[in-house]
Protein chains: 2
Amino acid sequence: MPALEERFREYVRKVTLRVPDEDIPMLMGATEYRELKKGTALLREGEVCRSVYLVAAGYLRTYYNKDGTTINLNFSFEGDYTGHIKSMRNHLPSEYTIEAGEDAAVWIFNIDSISGQFDRDSEIFLFIRRIAMYLLAVTEDQSNFFKIYTPTERYHYIEEHNPQLLQRVSLSQISSYLGVTRETLSRIRAKRD
Amino acid sequence: MPALEERFREYVRKVTLRVPDEDIPMLMGATEYRELKKGTALLREGEVCRSVYLVAAGYLRTYYNKDGTTINLNFSFEGDYTGHIKSMRNHLPSEYTIEAGEDAAVWIFNIDSISGQFDRDSEIFLFIRRIAMYLLAVTEDQSNFFKIYTPTERYHYIEEHNPQLLQRVSLSQISSYLGVTRETLSRIRAKRD
DNA sequence: GCAGACCTGTGACATTCATCACAATCGGTA
DNA sequence: TACCGATTGTGATGAATGTCACAGGTCTGC
């Protein structure tokens, strides 16, 4: 089995074990594989999101523009699924931009192109709904994470549970994701004595 | 059509228009209808969540216990769907408690009882996955809402987009939901001059 | 090597928020 | 009416965070 397909299968397995191995090529064939230079956008503010992205290499950064200030909402690394579900589901213009934070590669599940090729009750649509269930568990966590923890607790949680975020993303970028300024994040780090 | 079934159909329509009217009684039959006194819990911390709840009357409050302090994570009113997806999907003990904030009534989609009666690819399972897609759009919003807005902005947003929350829930309860103390919320309100 | 862009740390000061304490208000009820 | 419990408002004070300014470090391309 080619290395890329093997990785794709591994990432499908994160979502569900109910897809048999022989269906994997069909799922992968339903996606578009795309390589991106750092800084290239997959989704821009104002566009309608029509895809779910599965990161194959590098990472994607989702951010919101608040009166000229950038607020990072999400970082998606290898094997992570992302997109803008509200925009996709309700055909609304995107409030966010999703772009490559490093040189990256993604598998793109494009709803329109899949709708053209497959029936609404096909395996591929079932799989996309299962992605939604998977993403929902992750997003529920994210949402409550913010309500429960203070900025300092959030930083230490990331340190323990998602250390690659600290290794691969600059602190200036992480600070808005944690809901503090970069100066405060710098001081949180200094206090670990 | 009985009034209760009519309301149920209306709430199904919020999730999808793809369920034909003749399937509504089947969906409703797959649920358990339950009335709750104020303060009664549907899900307790430590239990595994096996259901999605659709609120028929009153409201549900989801909260987290942080070292003895209660942090409200969610309020679900008539027609809202809620549950603890991470616990349900991964069979993990619940980190949250879900209970009636007023005398309430709910339709309960219990996964185990539905699994016993229906096939995994049946309409009812398809509908539950569609609930997940719907909930995901709402939860995505919630999650980013916190990262983007300051406590004051959050209050004014609620004031405009979810006024019944302010009418039906005490300010002491709302404050932890907005991520501030009740005193600070009181001062935010005083400042509108 | 060097210039320039970007990133991190830190000091000084203003602002916001949490904490503690207590007063005022409102509803329901004896 | 009078009382009680729950809720909300508000003052005083200290802690946390934001803002502004600047210094030093790292990396890249010329």
Side-chain angles (χ1 to χ4, degrees), chain A residues 37-40 58-59 61 63-72 75 97 99-104 145-159 163-193, chain B residues 37-40 58-59 61 63-72 75 99-103 145-159 163-193:
Chain A
K37 282 283 161 202
K38 174 174 175 171
T40 308
Y59 73 84
R61 178 170 70 97
Y63 63 89
Y64 175 78
N65 186 315
K66 186 184 184 185
D67 312 319
T69 307
T70 292
I71 299 178
N72 290 314
F75 298 95
T97 299
E99 66 174 48
E102 300 172 346
D103 288 356
F145 174 68
F146 252 75
K147 291 180 188 149
I148 293 171
Y149 298 112
T150 64
T152 303
E153 290 170 332
R154 280 175 225 154
Y155 173 74
H156 289 130
Y157 185 93
I158 297 291
E159 221 177 6
Q164 73 170 332
L165 181 62
L166 298 174
Q167 292 156 8
R168 293 172 65 177
V169 182
S170 79
L171 295 174
S172 321
Q173 297 286 325
I174 293 172
S175 64
S176 69
Y177 176 73
L178 295 179
V180 295
T181 59
R182 60 167 201 86
E183 292 91 336
T184 298
L185 178 53
S186 176
R187 280 167 191 132
I188 288 171
R189 285 159 57 82
K191 246 182 275 164
R192 53 184 304 81
D193 43 350
Chain B
K37 283 282 163 205
K38 174 174 174 169
T40 309
Y59 74 85
R61 179 171 69 96
Y63 63 88
Y64 175 77
N65 186 314
K66 187 185 183 184
D67 312 320
T69 307
T70 292
I71 299 177
N72 290 315
F75 298 96
E99 66 174 46
E102 298 172 347
D103 287 356
F145 175 68
F146 252 75
K147 292 181 187 148
I148 293 171
Y149 299 113
T150 64
T152 304
E153 290 170 332
R154 281 175 223 153
Y155 174 74
H156 291 315
Y157 185 93
I158 296 291
E159 220 176 7
Q164 74 170 332
L165 181 62
L166 298 174
Q167 291 156 9
R168 295 171 66 177
V169 181
S170 78
L171 294 175
S172 321
Q173 297 286 327
I174 293 172
S175 63
S176 69
Y177 176 73
L178 294 180
V180 295
T181 59
R182 60 166 203 86
E183 293 92 334
T184 298
L185 178 53
S186 175
R187 280 167 189 133
I188 288 171
R189 285 159 58 81
K191 248 182 273 166
R192 54 183 306 78
D193 43 350

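So that the names make sense, note that chain A is the first sequence line, chain B the second, and so on, each numbered from 1. As a basis for the values below, the full set of heavy atoms in this structure was taken, side chains included, without hydrogen atoms, waters or symmetry mates.
A heavy-atom distance below 4.0 Å to DNA chain D is reached by these residues of residues 175-185 of chain A, ordered by number: A:Gly179, A:Val180, A:Thr181, A:Arg182, A:Glu183, A:Thr184.
Look at A:Asp103 and A:Lys38 and you find no salt bridge, because none of the NZ, NE, NH1 or NH2 atoms lies under 4.0 Å from a carboxylate O.
By the side-chain hydrogen bond (donor to acceptor under 3.5 Å, both in side chains) test, B:Thr184 pairs with B:Thr181, sequence neighbours left out. Taking B:Lys66 as the reference, A:Glu153 meet the side-chain hydrogen bond (donor to acceptor under 3.5 Å, both in side chains) condition, with sequence neighbours excluded. Shown here are the ring pair (Phe, Tyr, Trp, His ring centres under 6.0 Å) partners of B:Tyr63, two or more places apart in sequence or in another chain: there are none. Scored by the ring pair (Phe, Tyr, Trp, His ring centres under 6.0 Å) test, A:Tyr177 finds A:Phe75 as partners (sequence neighbours excluded).
The interatomic distance linking B:Tyr155 (OH) with C:dC17 (P) rounds to 15 Å, in whole Å. Between A:Arg154 atom CZ and D:dA16 atom P the separation is 15 Å, expressed in whole Å. As rounded to whole Å, 17 Å separates atom P of C:dT25 from atom CG of B:Leu171.
Rounded to 10 degrees, the angle separating the terminal axes of the helix from C:dG1-D:dC30 to C:dA30-D:dT1 is 30°, with each axis obtained from five end pairs.
Within 4.0 Å of B:Ser170, counting heavy atoms only, lie sugar-phosphate atoms of the nucleic acid but no base atom.
Residue B:Ser172 has a polar side-chain atom (N or O) positioned under 4.0 Å from OP1 or OP2 of D:dT8. Distances shorter than 4.0 Å separate none of the side-chain N or O atoms of A:Arg187 from OP1 or OP2 on D:dT17.
Judged by distance alone, the side chain of B:Arg182 and the main-chain N or O of B:Ser175 form no donor-acceptor pair under 3.5 Å. A:Arg61 contributes no side-chain N or O that, together with a main-chain N or O of A:Gly101, makes up a donor-acceptor pair within less than 3.5 Å. Although no hydrogens or angles enter the test, the distance criterion places no donor-acceptor pair under 3.5 Å between the side chain of A:Thr40 and the main chain of A:Ala100.
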